[in-house]
**Student:** 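So that we are looking at the same thing, I have put the structure below in structure tokens.
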There are 4 protein chains.
Amino acid sequence: MEEENSRANDRELGRREQTRSHNQALILAAARAVFAEYGYSRTTVRDIIRATPLAAGTFYNYYKSKDEIFQAIRDETALKVRPLLREARSGSKTADKFIYATFRTFFDFVVAEHAALVTGHSSNAMHVRVDTPEIIAGFGELEEDLASAIAAGILPRVDIKYLTASIAGLAFELSENMMDREKPDPEAAARFATDLVLGGISGMAKK
Amino acid sequence: MEEENSRANDRELGRREQTRSHNQALILAAARAVFAEYGYSRTTVRDIIRATPLAAGTFYNYYKSKDEIFQAIRDETALKVRPLLREARSGSKTADKFIYATFRTFFDFVVAEHAALVTGHSSNAMHVRVDTPEIIAGFGELEEDLASAIAAGILPRVDIKYLTASIAGLAFELSENMMDREKPDPEAAARFATDLVLGGISGMAKK
Amino acid sequence: MEEENSRANDRELGRREQTRSHNQALILAAARAVFAEYGYSRTTVRDIIRATPLAAGTFYNYYKSKDEIFQAIRDETALKVRPLLREARSGSKTADKFIYATFRTFFDFVVAEHAALVTGHSSNAMHVRVDTPEIIAGFGELEEDLASAIAAGILPRVDIKYLTASIAGLAFELSENMMDREKPDPEAAARFATDLVLGGISGMAKK
Amino acid sequence: MEEENSRANDRELGRREQTRSHNQALILAAARAVFAEYGYSRTTVRDIIRATPLAAGTFYNYYKSKDEIFQAIRDETALKVRPLLREARSGSKTADKFIYATFRTFFDFVVAEHAALVTGHSSNAMHVRVDTPEIIAGFGELEEDLASAIAAGILPRVDIKYLTASIAGLAFELSENMMDREKPDPEAAARFATDLVLGGISGMAKK
DNA sequence: CATGAATGAGAGTTCATTCAT
DNA sequence: TATGAATGAACTCTCATTCAT
């Protein structure tokens, strides 16, 4: 039986490898879409494989469980954006650049990956945001960087934990509002957020 | 006949009603706790009654379904805080009072009702926030009030939708951070949030 | 507590007795109606007491179980009609009288008790007919009487079991058809059935 | 990809399909038996699968619900017998042939399908007969054919609705009696029913 | 490795019955 | 004895996971 399969599948060299990563990609993409749409518990493995040309059991050749693929997606997302954020902030010599880089990078990322889980706008009216170890680590990094920036005199001395929370809250909530708009504009959103954090609304004027 | 019986049973009805509302309270409290812990879908009705000395079927003497109690809790929360928020803002003649009143009222409420669902800090690493009609209406009210304040010259002309989202994001995220602290201080949190919104971090100095 | 109740209930002498049989009658009537409407399993005890001013637990002061009241109703029905049928047949000296008396009595009874269970025309399209010991005994009596009539030369020698079944089948099915008509006419139905059994359709002419 | 796989798996699909239809047959047979034994509402899906070597959930791989399999069985039965009945009657040029063909076909069918639901002889003492659209249509067809036969002068002018009901009542009741006998004899039963309908018992003599 | 039916624990819910009042 | 909330077994159905093919 295995021989027959290999005969059928190996007409091209490396076909197996190709199929394997192809299938993995199919499953990941389907999972991302479905988790983003329904959230973790309301998503069934059947939903995922139904969004795939594959069969139910095949799923388990790639992921040990529904939980595993979920965490894989979450971490994958956080792992992608975290280096971007750190790098963006690392070169910033002014408060404006520091804060703007943070928001801009985050909003750009959300636009690029808006099918993914970070900001799940589920059809049945629930915001789900996941605090995985990876994401928590991301918050930790932000806090560290804020501390460094304060130490370097780039940012004023404020309650760092509240500032971290504020930036996170603004980032998540504004990114959602931004994505609801006709044409998401990460530049404008980042500008708004940065101005708010730095100078408050006092110095803003509506365009 | 019913009247006669009730006359005869009056003394006991007091007891019964007492037990009844006691049980209702037990179930509500359990549900609040479990929903906050696990979110809607991961919570089972059995989880709720297990957190109670009652039997499985008893739940359904009080709520027709898992959905019904969930909505009851959500709306109860939103319906309680919304009038408070509106009233707090209504008398504010300055930007500072307006913004501070909003945050302070919200944080006070979170401290008072910290077992409730609105800001669920789940142990299994998920933030769930539900956009019920009630909560969405709350956002709408905030937006309206912001528009009025801008029209009245109390607040400067800024992107109202982004401002609404910003205040909401700050409120939810800071309230969570506040509750994680040893001694939640709504005054300090509201002060931080208000200063941030009005003047940004530029004018802040860490105490 | 008991004293209070008796004070309340005993203003008239024998009131208790009266209430008791009154309640029993209420429950029986409600049960008859609901069983006839929904059949045994789709009827809930709640349905029965809901059709009553009484409380759930009261039911069990009168009947040990749902099953018990169901059987009571079934047997009550059969026990009422069986003596009527026997008596009607007993005096019949001719085949026509014998057969006609059987059908006519049965159809009259159905008209009179059409809310009861014997011929249940349930709203969800099911015919339910119950073969309780009482009803089976009724069939047995019919068979006995047919045997006697044959022995007496009143009826010809035919397969008694098939004849019994035929009469039963005609009785049940025609009674249902009769009850579906605008104005149920037991006389006409009994005439039709009798003529069919005695002479077949050959000698009939449509009115 | 699916095509390739099916090519590769062709030999096994035969097995699988075989198992599949085997299981389907197991479930159908069990359902037929249990429904016949207990009727619709008293039958639980658990009863059905318990009468099977399969697991609880397997049922739902074949039927979406208890209702679906019930209707499948009902309609399957009615749909099988109806064309047979119509065809049997269609060629009949005399009253005897017409009536005999109807009963004989029905009784033959009952003998062949005696496990089925149409005529349920339940051990817990209930006859259940379901008026599905299919069965009602069967009655309608009988009535139509009777009307045609009367119009053609084959049958005398009698109350068609009562005649239809009579034939149905005789068919159901006699078939049950027939099946209770040691050796069911559809020919004899059909002869009895036909003679009864055509000439009544007057012309009969017990064998 | 793909397949997809089988599995069975467990979900939400109902309801006959019990029992404190 | 009437009350009606409490009970918990049993129901229909779902779904993550397994496994023979």
Side-chain angles (χ1 to χ4, degrees), chain A residues 1-2 5-6 8-9 16 19-20 23 41 43-49 53-62 64-67, chain B residues 1-2 4-6 8-9 11-17 19-20 23 41 43-47 49 53-62 64-67, chain C residues 1-2 5-6 8-9 16 19-20 23 41 43-49 53-62 64-67, chain D residues 1-2 4-6 8-9 11-17 19-20 23 41 44-47 49 53-67:
Chain A
M1 169 176 25
E2 275 188 339
N5 266 329
S6 53
N9 289 336
R16 230 207 279 266
T19 301
R20 183 166 171 79
N23 284 349
S41 357
T43 292
T44 70
V45 173
R46 271 172 148 84
D47 288 337
I48 296 174
I49 55 121
L54 305 172
T58 304
F59 176 91
Y60 291 88
N61 288 335
Y62 295 94
K64 269 204 286 291
S65 68
K66 177 180 158 187
D67 222 76
Chain B
M1 179 171 13
E2 275 189 328
E4 287 177 331
N5 276 326
S6 57
N9 290 332
R11 248 195 296 162
E12 299 151 36
L13 277 182
R15 275 275 184 95
R16 267 228 259 261
E17 251 163 45
T19 303
R20 191 173 165 75
N23 285 345
S41 355
T43 293
T44 72
V45 173
R46 278 174 156 78
D47 288 336
I49 55 126
L54 306 172
T58 304
F59 176 89
Y60 291 90
N61 290 339
Y62 293 94
K64 271 205 283 291
S65 66
K66 175 180 158 187
D67 221 76
Chain C
M1 168 172 32
E2 275 187 339
N5 266 328
S6 55
N9 289 335
R16 231 207 279 265
T19 299
R20 183 167 172 80
N23 284 350
S41 358
T43 293
T44 70
V45 173
R46 270 173 150 82
D47 288 336
I48 296 174
I49 56 120
L54 305 172
T58 305
F59 177 90
Y60 292 88
N61 289 335
Y62 294 95
K64 266 204 287 292
S65 68
K66 177 180 157 187
D67 221 76
Chain D
M1 179 168 17
E2 275 188 331
E4 286 177 332
N5 277 326
S6 58
N9 291 331
R11 247 195 298 161
E12 299 150 37
L13 277 181
R15 274 274 186 95
R16 267 231 257 264
E17 250 162 47
T19 303
R20 191 173 164 75
N23 286 345
S41 357
T44 72
V45 173
R46 273 175 157 75
D47 288 337
I49 54 128
L54 305 172
T58 304
F59 176 89
Y60 292 91
N61 289 338
Y62 294 93
Y63 297 94
K64 269 205 283 293
S65 66
K66 177 179 155 185
D67 221 76

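Proteins get letters first, then strands, A, B, ... in listed order; numbering begins at 1 in each. Hydrogens, waters and symmetry mates are skipped; everything else that's a heavy atom, side chains included, is used.
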**Student:** Taking all heavy atoms of Asn61(D) and all of Arg20(D), pick out the closest pair and write down the distance.
**Tutor:** O-NH2, 3.7 Å
**Student:** Could you measure the distance from the CZ atom of Phe59(C) to the NZ atom of Lys64(C)? Nearest 0.5 Å is fine.
**Tutor:** 11.5 Å
**Student:** Could you go through the side-chain contact (heavy atoms from CB on, under 4.5 Å) check for Ile49(D) and Thr58(D) one step at a time?
**Tutor:** CA-CA 8 Å; Ile49(D) 54 128; Thr58(D) 304; over 6 Å; no
**Student:** Taking atom CG of Asn23(C) and atom CG of Leu54(C), what is their separation to the nearest 0.5 Å?
**Tutor:** 4.5 Å
**Student:** If every non-hydrogen atom of Lys66(C) is compared with every non-hydrogen atom of Val45(C), which pair is closest and at what distance?
**Tutor:** CB-CG2, 3.8 Å
**Student:** How does DNA chain F look in dot-bracket form if you count Watson-Crick and G-U pairs under 3.5 Å, write [ ] for pairs that cross, and put | where a base pairs with another strand?
**Tutor:** .||||||||||||||||||||
**Student:** Any chance you could list the contact pattern along nucleotides 5-12 of chain E? Use B for base contacts, S for sugar-phosphate-only contacts and - for none, protein heavy atoms under 4.0 Å, 5' to 3'.
**Tutor:** SBBB--SB
**Student:** Measure from CG on Asp67(A) to P on dC15(F) and round the result to the nearest Å.
**Tutor:** 17 Å
**Student:** Using the test side chain to side chain donor-acceptor pair (under 3.5 Å), find all partners of Thr44(B) that sit at least two apart in sequence or belong to another chain.
**Tutor:** Asp47(B)
**Student:** Enter the distance from Ser65(A):OG to Asp67(A):CG here, rounded to the nearest 0.5 Å.
**Tutor:** 5.0 Å
